[in-house]
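Data first, discussion second: the structure below is written as structure tokens.
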Amino acid sequence: MTPPVVLAHEQPPQSPINIEKCWSSIFNVNGCVLELYRSVFSGQFGNVGVACCKVFSTIDANCWPHMFPLNPFFPPLIKDNCAHIVPE
């Protein structure tokens with residue numbers, strides 16, 4: 001029996017994103033969800049606190065499109081704001 005042919009340009013399937021895991025760290029920081037919610041709807045990103053910024057910076061980049069599918073610009077804006085609050 002011959003092995004299956006795998007073309008060089010084919011990539012292995014990516015593991016599915018666990019959206020609960022993506023959100024879990026944010027839900028574990030008291031008030032973080034509310035801070036993010038306010039930022040999304042007000043357009044003001046200076047209301048995100050230090051603890052929320054710290055956890056936001058640890059979230060896998062693959063989570064962002066699933067967490068904020070309607071606003072792909074939100075994560076970079078928050079990360080930029082958080083970089084001033086919590087330097088890496």
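- Partner F56 forms a side-chain contact (heavy atoms from CB on, under 4.5 Å) with one of V48, N81, L36 and no other, that one being L36.
- The six-membered or imidazole ring of W23 lies near that of F68, with a centre-to-centre distance under 6.0 Å.
- A distance-only check finds a donor-acceptor pair linking the side chain of S39 to the backbone of Q44 [under 3.5 Å].
- V29 and C52 make their closest contact through CG1-N, 4.1 Å (heavy atoms, listed as atom of the first residue, atom of the second, distance).
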Requested in this report: Would you sort out whether K21 and D60 count as a side chain to side chain contact (heavy atoms under 4.5 Å, CB included), showing the intermediate values?
Outcome: CA-CA 10 Å; K21 185 177 180 184; D60 187 315; over 6 Å; no

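- Note: W64 and F73 fail the aromatic proximity criterion, with ring centroids not under 6.0 Å apart.
- Counting heavy atoms from C-beta on, the side chains of I59 and M67 come closer than 4.5 Å.
- Between the SG atom of C63 and the CD1 atom of I19 there is a distance of 6.0 Å, given to the nearest 0.5 Å.
- In D80, the CG atom is crowded: over 12 heavy atoms of neighbouring residues, nucleotides or ligands sit closer than 6.0 Å.
- Minimum interatomic distance between V55 and T58 (heavy atoms only, all atoms of both residues): O-OG1, 2.7 Å.
- From K54, atom NZ reaches atom SG of C32 across 12.5 Å, with rounding to the nearest 0.5 Å.
- Taking the side chain as every heavy atom from C-beta outward, H66 and N62 never approach each other to under 4.5 Å.
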